[in-house]
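In what follows, a structure is listed as structure tokens, so that the remarks can point back to it.
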2 protein chains.
Amino acid sequence: MLLNKLDQKAIQREILLGFWKIHILYHAAKGPVIGLEMMQELARHGYDISPGTMYPLLARLNKLGWLECRQDKLAGPKAKKEYFLTALGHEALNFLKGQIEELHREVVLDRE
Amino acid sequence: MLLNKLDQKAIQREILLGFWKIHILYHAAKGPVIGLEMMQELARHGYDISPGTMYPLLARLNKLGWLECRQDKLAGPKAKKEYFLTALGHEALNFLKGQIEELHREVVLDRE
DNA sequence: TTACCGATTATGTTTATCGTAATAAAGGAG
DNA sequence: CTCCTTTATTACGATAAACATAATCGGTAA
């Protein structure tokens, strides 16, 4: 393996950014997603996401209408937020599945 | 289809950015890649990349050591540049193939 | 009280993306 | 030879995303 840690970081930043965003949508489709939990989950898969990246992302996906946010109103301003995939988010995820399939077919299976 | 053009643009910017970068590496493995040609090729696949994005990207991949650049020295300063995948670039591409497979297995095939 | 844990929020710096305009060389039409 | 189009890259300014780190807040345990 010629790739060192700097290369891996570059791959992450340059290319894999979108991959774990898909993971988030995927998880949000299965059940509620929480920022910190997701950071830990992704860390397990080798992605090291800082809060300064994760939380603005979730807010953005919420603003785009792909994720819905629920928070206990009785709790304080920093209580955990649960994110769910919306109908629009499902559409986006389905579209992305098609894109993944295409990429997989072309690059991994080397067809077409 | 609920997704409108704004959504598609968001998907592109938020997630698919890495996908066509992989396409570039993939093409560079098959033969020389030229900026403008790549922009047209990607446009055919629905990705609309502006020169202000493409050329800095190629320069960056070159600087990372994934692409090698050849340019006819006799020609002027804006002569076309041909990019080839380096050994390190091959490593990166192979690593990415694994990542694509994993993503495909989990999200598309819904396994694991 | 104090200390820690689960979570989010705030913030400042760096880097990428995008659109558009400028530049350069080469080839063809007249 | 000059003008125009085509093939390419380069330059640039504005917006936005990513990152690391520090601050905050509420709950629970010692």
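Every chain is numbered from 1 and lettered A, B, ... according to where its sequence line falls, protein lines coming before strand lines. Model, not experiment: these values are computed from the prediction.
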Rounded distance (Å) that lies between atom [atom2] of [N] and atom [atom1] of [X]:
{"X": "B/K9", "N": "D/dA17", "atom1": "NZ", "atom2": "C1'", "result": "17 Å"}
{"X": "A/W20", "N": "D/dC19", "atom1": "CH2", "atom2": "C1'", "result": "11 Å"}
{"X": "A/E14", "N": "C/dA16", "atom1": "CD", "atom2": "P", "result": "6 Å"}

Answer yes when [X] and [Y] have at least one side-chain N-carboxylate O distance shorter than 4.0 Å, and no when they do not.
{"X": "B/K97", "Y": "A/D110", "value": "no"}
{"X": "B/E41", "Y": "B/R44", "value": "yes"}
{"X": "B/E14", "Y": "A/K21", "value": "yes"}

Ring-face cation of B/R70 near B/Y83 (centre distance under 6.0 Å, axis angle within 45°): no
B/D7 side chain to B/N4 main-chain N or O, any donor-acceptor pair under 3.5 Å? yes
Does B/Y47 reach the main-chain N or O of B/L17 with its side chain, forming a donor-acceptor pair under 3.5 Å? no
Using a heavy-atom cut-off of 4.0 Å across all strands, would you classify A/G52 as base, sugar-phosphate, or nothing? base
Reckon B/I34 touches a base, only the sugar-phosphate, or nothing at all at heavy-atom distances under 4.0 Å? sugar-phosphate
5' precedence on DNA chain C between B/L57 and A/Y55 (nearest-nucleotide basis): A/Y55
Protein-nucleic acid N or O pairs under 3.5 Å, nucleotides 21-25 of chain C:
{"from": "C/dT23", "atom 1": "O2", "to": "B/K78", "atom 2": "NZ", "distance (Å)": "3.1"}

Between the base of D/dA18 and the side chain of A/T53, is there a donor-acceptor distance below 3.5 Å? no
If you pin B/G35 and B/P56 to their nearest nucleotides in DNA chain D, which one's is more 5'? B/G35
